[in-house]
Each structure stands twice: as C-alpha cells, then as structure tokens.
Asks: 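First, the structure itself, so that you have it in front of you.
Note: hydrogens, waters and symmetry copies are ignored here, and every other heavy atom, side chains too, is used. Throughout, a chain's letter reflects where its sequence line sits, starting with A, and its residues are numbered from 1.
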Amino acid sequence: MEYRPTEWDARAQQLWRDLAVYRADFPSDRKPFYVLDMFPYPSGAGLHVGHPLGYIASDIVSRFKRHQGFNVLHPMGFDAFGLPAEQYAIQTGQHPAVTTETNIERYREQLNRLGLGFDWSREVQTCDPAYYRWTQWIFLQLFGAWYNRAVERAEPIETLVAHLSARGTEGLNAACHGEPNCTADEWASMNAAQREALLQHYRLAYRSESLVNWCPALGTVLANDEVVNGLSERGGHPVVQKPMLQWSMRISAFAQRLLDGLDELNWSDSIKESQRHWIGRSQGARIRFNVLARGAGEVASNQQLVSGEAGEVASNQQLAAGEAGEAGEAASNQQLVAGGAGAAGDAHVLEVFSTRPDTIFGATFMVVAPEHPLLGAWTTEAQRADVEAYRERAARRSERDRQADTKTVSGVFTGTYVEHPFTGAPIPVWTSDYVLMGYGTGAVMAVPGHDSRDHALAKAMGLPIVQVVASSEPVDVQAEAFEAKSGRATASDFLDGLSTVDAIDRAISELEQRGLGERTVQYRLRDAVFGRQRYWGEPIPIAYRDGVPEGLPVAELPLKLPAVDKYLPTEDGEPPLARAERWVSAEGLPLETTTMPGWAGSSWYFLRYMDAQNGTAAVDRTAADYWGQVDLYVGGSEHATGHLLYSRFWTHALHDLGHIGFREPFKRLVNQGMIQGISAFVHRIEGTHTVVSAELAGQYATQKLHVDVSLINERNEVDRNALKAWMPSWAQTEFIPAEGPIKVEREVEKMSKSKYNVVNPDALADQYGADAVRLFEMFLGPIEQSKPWDTQGMAGVVGFLKKSVRLMEKRHAGEASTEELRALHGLIEKLQRDVETLSFNTSVSAMMIAVNAWSGLPQLADATLRDFAVLLEPFAPHTAEALWAELGGEGSVVLAPYPALKSEYLVKDSVNYPVQFNGKTRYQIDLPASATPAEVEAAVMAHEKTAHFLEGRTPKKVIVVPGRIVNVVA
RNA sequence: GCCCAGGUGGCGGAAUUGGUAGACGCGCACGACUCAAACUCGUGUUCCCCUGGAGUGCGGGUUCGAUUCCCGCCCUGGGCACCA
C-alpha cells in the first residue's frame, strides 16, 4: 500500500459528506459533548497556518469523544459583520455582503481542505437576517428588562412598572444610572414620555447621554475594550472622550455575578485575572464631607449649574425628547455625566469614595476631577479664573496625552474648604486631573502620607503630609507615601492602635452612625456603549414615537439592513442608515439609525448552533437544556475582556429571563498560542538595486528588507530569478557575489501578510497532505504556547505517516503478539490522558514511538492495525480512513468505537533500576517487578560494581523507591 | 509600576505525586542504496580540560535525591495602567 495523501484526502472527505458523519443529532439518547471554536471574521487574506491551530485541536477532541460514544456538537460559523468589509464597500461601492460572502466561501474551502469535521448544517453567519433577527430579539429582551438587586436577577420591565405604580421608587433596589426617584403619585401623573425617561435609567439596554469613546477617523463610538492606549483597537486611530446620546448595555449590573462566576470556570488563570481586573471590584466607603459655610455664598450663586431635583427632571425630558446623535445642552450633559458616575447633586456636600477610610485623619486636602459638575459651585470668585483655565486645559488634553504624561503633577485650589467629619478641621478642596470623573464619585480625600498620587500633589503644592498608619519598620512619609495595608493606626483618635483591617471597619461604622458615609463596593466595569455610527451591523430594532424610543414588535423582525446609496454618514453627520429612503417601522415611525457593535452577534452564537434552523425562537429551550454549556471552548486570548465578558453577560441575562437553564456559557476555555512566522530579509545597498549576501552585508551600508519566504530555500538562500520576478521593483536587482549563493537573514516575527512570512495551510495540504499539516501543527508544541512555524519540520510527520502505512506490509489475520499489544495499550493509555490536557504534541510523539516499535516487529495482526487506525483517526483522519478501508472496515472509521484499554498489557514484569551513589547515577540493574525493597537492596549490594563505587566506604543508608530508583548513601 | 504566564541541546520541545534530564521530531555528521542526486534505510549527535567532570535563566536554601518545593534576583511574552 502506497502513501497517496492527496488522493486519500479527497476520497475521505467525499465519504464523510456522503455519510454525514459530523451531523450532531437532536433529540438523542446519547450523552452530549459540545466543542466550540471561536468563529472567525472572514477577512480577505484567508487563513494562514496560525489560524487552524485551535480548530485542529478541537477537531481532535471532537473526534475522540465521538469514538467514545458521545453525541458531539462541533459547529462552525462566521462573525461576518465588521469594519474591513465596510471600508472596502466605501471605497468600491460594492455591497459588503458580497465581499463577505466571497471571503466566507474561501474560508470554508480552506477549513474543509484540512478535513476539519464541522457540522456545516448548523453554520451561522452573524450578517444573515435569519440570524440577526434573533440578535435583535435578544436586544429587545434586554430593552424590556431591568436588574432587581433585591433578588440579584434581571426581570421583565413589567415588574418594575408594577413597583413604580405601587410605591414609586421607594423600597426599590435596582441597578440604574443617575439617581432617579419618584413617588407612586408622580408616576401616575406622568405621561408616556416622562415614564419612558424614568425607565431608561433601569433598562438593561438603554439610551443615555454619557461620555463615550469617539473615534473621528472611524466615524463611530467604541466600547472600552476596543480602545487600547487611547487608540482604536482596529486601525490605531486616536480616540477622544465626548458626551453623546448613545445606546448602552447595563453590564455593570452583573459585575458581582460576572466576578463570582469565574470561580466555577475551568479557564486559564491569566484570562480569569484579566476579567477580575477589568471588573475591578474594590471595597470601601462613601464618605460625605460638609462644605464649610465660608463657601456658601459662592455655592448659592452657582445654583443654576447645580439645578438639583428640578435639573434632573428637566434633563430626563430632554433625554426622552432628544434627537438621535444630537448632543444636548451643556447643563444637561453635565447632569447626566455626573449622574452616570453617581455623584450627588448637592453642592453643600462633597462625597468621596475611599478604600482606606482608616486613613481619614490623614486627609489633608480633597481633590475633585476637573470634569466634576460641582467644581464650579465649589470655586470661589478669587479662584475662578485659575480653576476655569485648569478645567479647559484638562478638557483639551486627550485621553492619550493624559496617559502619556502621568509624571507631571498639576492641580489648582478651588478656594473652598470642607469640614473633617471627626475633627471639624477645615480641609482645602483642590482639583487635579489625576482624579477621574468616571470612577467612584469623581472626588477623593487625599491622604498624602499613604497614597503616592496624593503624595505627589502634596509635594508639588506644599500641602501638609501626616502619618496616620504606623509600621513596625521606620517610615518617613515626608519622603514617600507608605501604602502598605498592614500597619496600625496612629494619630487617629479613636482608631489608634487598631490594625488597618480593624481600623477600616471601625471608621466605617463610626461614619455610618453619624450618617456621614456607608460601606460600599465599587466596580471599575463600565456599561458598554452599544450603538455604532456604521452601516455593516445589525440594525437596532427601535422606533421613535414622538421621540420616545420603543421596541419594534417581534413580528416585525428581522429589521433588515436597508439599501443605501453610499456607506458613509450623511452630510449632517447622521449614520449611514439615515440615507435609506424610507427608514421607518411598519407603523411609519422613524427607526434608530445606529447599528449594533461587532460583539452583539458573537455574544450568543454558541446558543444558535444548538438549534440553528429554528424559525420561531433564538434557541429552543429543550435543545439548550440538552446541549447545555459549551464543554470546551478554544480561541485566542485577545478576547479576554471583550467577547468573553459580553457573552457571559448575555448568557446571565438570558438565564434570568428564563430562556436558558445555565448562567455561564463556557465551562472550559483553552487559549491557543500564536504561530509566528520566520521572516526572511535580504540586505540591499542603500540607494541601489544591489543585494548583498548576508555574510558580506557588514562591508556595505545596507538596509534590511522583507522578502517573501517562498523565495527562500532550505539553506536560507534566495532564488535570484524568483526574486527578480517577485515584484516589478525587484526586476533590476543585481547581486554580490555575482555567482554563488545569496544568503538571507531570518527572524521570528508575527505571521502577517505585510511581513511576507505567511504560510498557507491549503498550499501545504496540497503538497504534503492534510494529515501532515494537522499532525505537524499539533507536534509543534503545547497548544497554548506561541512558537515559530518551520516548514522543514514537516518531514518528520510525513515520515511518520509513511511508516504507519508501511506497517500494512506486516499484516496477518492471526493472533496479535504480546509485544505488539503492549505497544498498542501503552499508546491507548497515553492518548486518553493527553486528550484531557490537550497535550497533542506528546500524543503525536507517542504514536511515533508505537509505530517505531511496530516497525521493528516481523508481523502485525489485522486487529492491531485496525485498532491503530481508530487511534490515529482524530489526528490524521484521511490516512486512518485509507487504512480502515484497506483493512476491510465497515463504513467510516470516524464512527468506529474506541478500542478498550486492557491494563494487563501495561504492567511490566521487570524493572530497570538506576543505582545512584550519593545521588549520582552509576549503573543500572534489571530486577523482577515483584522484588521487595529488601530484595532490591540485597541485589544492589551483591552487584559487582557496588564495591567499586563505594571506594571502601560503608553505606550509611540505602534508599529504595520501589519501581523507581536506588540511592546508596555512603 | 502592578498582575499573569514562561526561561531546558544548534532548533521545536519531553520528563506521573521530587526519583536515570534531553523522549519524539527537525537540523547536522557519517554510512548503505544510486553512474549521480533526490527519496528511502541505518548509526551518531547537551557541553567540556573526556578512566572523569559540569549542566534545565542567575544566586542561595530544603532533601539521600530538585527542571519539579522554598527565598531573593535577572530576562522574555501577554494583560492592566493615575480605578482612590
């Protein structure tokens, strides 16, 4: 039997299609097993060898579980909405659906070429109206829900409305923004717009005026996870903070549950840590400082900025009536911005959040954020000019500037003082941009003795620094803040002598008693902006009745993307959907013009696979109950705080609303590492067309230029003619030396088209066979690790496959020998263990070892070979299929049961004991496995070499580890 | 700066609960086959001052015995970054 990979690949893949071997059944009596890959965005560049790494691993697990009798769900689909297709549409006028479809075709071909066993009958595409109909439906579910903190659960908005009409906001414990409140009577007298304005503060999908990340270059807003260092994640364009009326998702309501849920998940520590950090829970207290009367006159004169109750109602109405995309008036902006951060509207009180209330006696000044809405109210006339100038300067600085420049300390005194709650001492109020409006209350009590940022400002401004926590070691808080959370309170009145932990507790209860503060938990996690000013996304199913948003009737879904003449914003800056001719609901109401962000469709796709064809529900509850959580999810770690957090959020919400029976979507998560490329560089003399061989490059002034790795041979030499033909700019190339090899320099880099180091999996499959590609990707190393791709290494796995096929020459119909069975069952045992940990690199080497062992035997039983074909199948299914057919197997080897492990073949009857003298291995001795420690010791002492290595000493101790080792201590 | 993961031959990497460091493969060298090359097969391949010694990023420690456990550092990759 000759090894014919390309022929076998095609034949096996045809067989699998004919028999539909990868179809997941529902309903079924078998136990389910759900293996999921993060679905790709189908880019125009196609797949390179790095992409399928995770798919191959998950494919192996799927195939293994199928052999073990599980009903395996292993689907694939496409995350098909996205910016590249839209950019291309803007440039060419071609509808993004067309490019997307072409790219998907190519991806599907490439995936199939590798023999990945996906159940394509369940394929989903997020841009397909039959799919996004349900994304829109989920949006409506969230729009129609609120979070009831009393029971820690999302509930339909009707229960909130019932509460409001019975008791108003009294006794309501809900996740919300701002400080909405009303009585039952007020609620009863409100009109529809007023009611909706109030409900908006509670809905899980809501619209509010808030500071958003606006990316002018992309012409859209971005979620926090899409902004990296003040630049957009896609494209690296600058991002600025800007108040805008936007749709958001109230993920913050689930902060605690998203944090707690991590404990039960089998995910990597680093991803869990990232999520914990992103959620950023901190425990502490809110503390209120009374603003001293001296500033009262000023406060009164600034009432218009602090309109209090009346302002809140007014801004609500504006919100309800506000035009989409139109920024409201400054006053209402500030109200809502402040509301979002939870600042109190009372200018007579300055509220701060602190995790160290124990240091309250060390608070020598207060700092409020420059954006703080009450800053104006707290500024005296004498300081107004300075504060205004500072505020303007801070507003002008972009997020990025502020981050880049954390060294410079700046701040301005407001002229106002607050009263220390315990000592009554006046404390000056400052403003400085190290305090952020978006976190806590936008104000801090500065304790320069025990916080380095406060310390820096105190130093710069000459403010007093006092020590209120003592350590066992001497500390000088004048020189440096002492930030450790382990010490004893000092110079702190009733806290003196208490440990930090106790002092925090005591300080809080004292504050609570006096009504000046309370224990609080604060989260860093912000609500996620949900609208995008873009075309290529799911339309948001909202219509406006007299400016009041209302969900479309479910019967009107899907709300399909309209045809537009251009994929650009309108002349007045409206999103592209505003270009549609009649963008109105069935009833004729104007529709929302922003679309959903990329993470919408990917937040629930794993549910749709369970019931992909369902036309009446996103997923049938019985199907969701049967398949349950994803058993194994494989994908890149770059989605740590985006996709993986959002999909957890949606899953929790859908669970609460009764649509599914579990809260957490992904039981186990594995992050595959990156496969790097080995780039090739030629040295070219600057300003010329002359390329110099790498070893001579030092003699010239050269520049290093990327050249395509396909032009390079195994000896790192570039093909002269191929280089000239590569691109027109290289046609004139001359070489030094004129004859002989031209060496290139090589370097490991990220695999990317622009670095010309991309290796294509389908090209490799055509050359070596799909199985060789699969095996080699796995053989490269542990799945989670990054490692460079070196095509030369393919020879090793090709050799293995050829050897495997050559075993057929030894086949016979008789009984298997003990020796071949030992190799077989040793292999079964090893593979079963490896599947649990996804250690497929060692699986491949274990198979190599077994095949090497069998190659040394004169003959092999058909039964052994047939079992081997099944063992090989998850890794090299095409070759396994060919062997199976040759051995007369029925149907497809994919459906064959896994060979049972016979542990009697694993026990050895003799043990090779290494013998150490003082920890150094000197010789080895074979002894029966049944030998007792005493017998082993006796055998060692009787051994001829023992005397030699003892060198006349008497052994003090002989350590015998049964079955392992002997160590003679002399 | 903080958090997480990781440093083992020329290269990718292997090593149950602490028990023969370098499995398996690439590369390299030599040999066989061949007119020759490729393919294929076989042998060898951690290093060194080689009857021995050293060695898993560095320095200590625990132990009969440490890649594995503990303490202190260095480096690489990833995440977060004024979060009070």
Asks: Between rC30(B) and rA21(B), how far apart are the two P atoms, rounded to whole Å?
Replies: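 Straight-line distance between the two P atoms is 31 Å.
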Asks: Please measure how far the P atom in rG59(B) lies from the corresponding atom in rC74(B), and state the result in whole Å.
Replies: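 These two P atoms come out 15 Å apart once rounded.
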Asks: Of the nucleotides rU20(B), rG27(B), rC24(B), which has the atom closest to the S845(A) side chain?
Replies: rC24(B)
Asks: In terms of side-chain heavy atoms of N912(A), which of rA14(B), rU20(B), rU40(B) is nearest?
Replies: rU20(B)
Asks: 5'-most contact on RNA chain B: V966(A) or S274(A), nearest heavy atom basis?
Replies: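 The 5'-side residue here is V966(A).
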Asks: Give the minimum heavy-atom separation between M437(A) and A369(A), together with the two atoms involved.
Replies: N-CB, 3.8 Å
Asks: Would you indicate what S786(A) reaches in the nucleic acid, counting non-hydrogen atoms under 4.0 angstrom: base, sugar-phosphate, or nothing?
Replies: sugar-phosphate
Asks: Considering every strand and a 4.0 Å limit on heavy-atom distances, what is the contact class for V444(A): base, sugar-phosphate, or nothing?
Replies: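 Counting heavy atoms under 4.0 Å across all strands, the contact made by V444(A) includes a base.
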Asks: Starting at atom CD1 of I959(A), determine the distance to atom C1' of rG65(B), rounded to an integer number of angstrom.
Replies: 7 Å
Asks: Minimum heavy-atom separation for N912(A) to Q924(A), with atom names?
Replies: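 Minimum heavy-atom separation between N912(A) and Q924(A): OD1-OE1, 3.1 Å.
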Asks: Of all the choices, rC82(B), rC39(B), rC64(B), which nucleotide is nearest to the side chain of L436(A) once you look at every atom?
Replies: rC82(B)
Asks: Quote, to the nearest angstrom, the C1' distance that separates rG27(B) from rG9(B).
Replies: 12 Å
Asks: What is the distance from CG of N918(A) to P of rA66(B), rounded to the nearest Å?
Replies: 12 Å
Asks: OP1, OP2 of rG25(B) versus side-chain N and O of N841(A): anything below 4.0 Å?
Replies: no
Asks: For W789(A) and rC26(B), what is the distance between atoms CH2 and C1' respectively, to the nearest whole Å?
Replies: 13 Å
Asks: What nucleic acid atoms does E273(A) come within less than 4.0 Å of, heavy atoms only: base, sugar-phosphate, or nothing?
Replies: sugar-phosphate
Asks: Which nucleotide, rA84(B), rU40(B), rU20(B), lies nearest any side-chain atom of I965(A)?
Replies: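 The answer is rU20(B).
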Asks: For rA84(B), take OP1 and OP2 only and decide whether either is under 4.0 Å from a side-chain N or O of S282(A).
Replies: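 True: S282(A) side-chain N/O within range (under 4.0 Å) of rA84(B) OP1/OP2.
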Asks: Round to the nearest Å and state the distance from R276(A) atom CZ to rA81(B) atom C1'.
Replies: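 Distance, rounded to whole Å: 19 Å.
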Asks: Mind listing the closest non-hydrogen atom pair of V368(A) and A443(A) along with its distance?
Replies: CG1-CB, 3.7 Å
Asks: From the set rG19(B), rC4(B), rG12(B), return the single nucleotide nearest to any side-chain atom of S270(A).
Replies: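 From the listed options, rC4(B) comes nearest.
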Asks: Return a single string for nucleotides 44-53 of chain B, one symbol per nucleotide in 5' to 3' order, where B is base contact, S is sugar-phosphate-only contact and - is none, cutoff 4.0 angstrom on heavy atoms.
Replies: ---------S
Asks: From the set rG19(B), rC26(B), rC24(B), return the single nucleotide nearest to any side-chain atom of M848(A).
Replies: rC24(B)
Asks: Got a sec, which pairs hit side-chain hydrogen bond (donor to acceptor under 3.5 Å, both in side chains) with one end in residues 794-803 of chain A, sequence neighbours left out?
Replies: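 Those involving residues 794-803 of chain A are K803(A)-N852(A).
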Asks: Which part of the nucleic acid, if any, lies within reach of N852(A) when heavy atoms closer than 4.0 Å are counted: base, sugar-phosphate only, or nothing?
Replies: sugar-phosphate
Asks: Look at the side chain of R833(A) and decide which nucleotide, out of rU16(B), rA81(B), rG13(B), has an atom nearest to it.
Replies: rU16(B)
Asks: Could you pull out the closest heavy-atom pair between T431(A) and V367(A), with the gap in Å?
Replies: C-CG1, 4.1 Å
Asks: Remember a base hit wins even if backbone is also touched, and classify Q785(A) as base, sugar-phosphate or nothing at under 4.0 Å, heavy atoms.
Replies: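 Sugar-phosphate: the residue Q785(A), judged by heavy atoms under 4.0 Å, touches backbone atoms but no base.
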Asks: Which whole number of Å gives the distance between the P atom of rU67(B) and that of rC58(B)?
Replies: 11 Å
Asks: Please find the pair of heavy atoms, one from L669(A) and one from M38(A), that lie closest to each other, and give the distance.
Replies: CD1-CE, 4.2 Å
Asks: By the 4.0 Å heavy-atom rule, please label R806(A) as base, sugar-phosphate, or nothing.
Replies: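 Sugar-phosphate, no base atom in range.
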Asks: Distance between the P atoms of rC82(B) and rC11(B), in whole angstroms?
Replies: 40 Å
Asks: Identify which nucleotide among rC24(B), rA84(B), rA81(B) has an atom closest to any side-chain atom of R524(A), counting heavy atoms from C-beta outward.
Replies: rA81(B)
Asks: Go nucleotide by nucleotide along RNA chain B from the 5' end; which of V798(A) and P914(A) gets its closest nucleotide reached first?
Replies: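 Mapping each residue to its closest nucleotide by heavy atoms, the 5'-most match is P914(A).
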Asks: Please step through side-chain contact (heavy atoms from CB on, under 4.5 Å) for the pair K272(A) and H277(A), ending with a clear verdict.
Replies: CA-CA 9 Å; K272(A) 285 199 202 180; H277(A) 195 118; over 6 Å; no
Asks: Contact between I925(A) and H943(A) at the side-chain level, heavy atoms closer than 4.5 Å - yes or no?
Replies: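 They are in contact (side-chain heavy atoms under 4.5 Å apart), so the answer is yes.
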Asks: Say you pick atom P in rC33(B) and the same atom in rG42(B); how far apart are they, in whole Å?
Replies: 15 Å
Asks: Considering every strand and a 4.0 Å limit on heavy-atom distances, what is the contact class for L780(A): base, sugar-phosphate, or nothing?
Replies: sugar-phosphate
Asks: For a stem of at least 3 consecutive Watson-Crick or G-U pairs with distances under 3.5 Å, i pairing with j, i+1 with j-1 and so on, which stems involve RNA chain B?
Replies: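 B:1-7 with B:74-80, B:10-12 with B:24-26, B:27-32 with B:40-45, B:46-48 with B:52-54, B:57-61 with B:69-73 - these are the stems of 3 or more pairs that involve RNA chain B.
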Asks: Which of these nucleotides, rU16(B), rC24(B), rA14(B), is closest to any side-chain atom of F779(A)?
Replies: rC24(B)
Asks: Identify the residue among N757(A), I675(A), V748(A), L780(A) that makes a side-chain contact (heavy atoms from CB on, under 4.5 Å) with P788(A).
Replies: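 Filter result, single survivor: V748(A).
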Asks: W267(A) CH2 to rA5(B) C1': how many Å, rounded?
Replies: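 Rounded to whole Å, this separation is 17 Å.
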Asks: Roughly how many Å is it from NZ in K830(A) to P in rA23(B), rounded to a whole number?
Replies: 15 Å
Asks: Tell me which nucleotide among rC80(B), rA84(B), rA14(B) gets nearest to the side chain of T842(A).
Replies: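 Closest nucleotide to the T842(A) side chain: rA14(B).
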Asks: Between rC73(B) and rC4(B), how far apart are the two P atoms, rounded to whole Å?
Replies: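 To the nearest whole Å, 15 Å.
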Asks: Send over the distance from N671(A) CG to rG77(B) C1', rounded to a whole Å.
Replies: 14 Å
Asks: Compare all side-chain heavy atoms of P955(A) with those of M941(A) and state whether any distance is below 4.5 angstrom.
Replies: yes
Asks: Using atom OH of Y434(A) as one end and atom C1' of rA81(B) as the other, report the distance to the nearest whole Å.
Replies: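 Roughly 17 Å, once rounded to whole Å.
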Asks: Which of parallel (below 30°), tilted (30 to 60°) and perpendicular (above 60°) describes Y923(A) and F949(A)?
Replies: parallel
Asks: Taking atom CD of E745(A) as the centre, report whether more than 12 heavy atoms of other residues, nucleotides or ligands fall under 6.0 Å from it.
Replies: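 Above 12, so yes.
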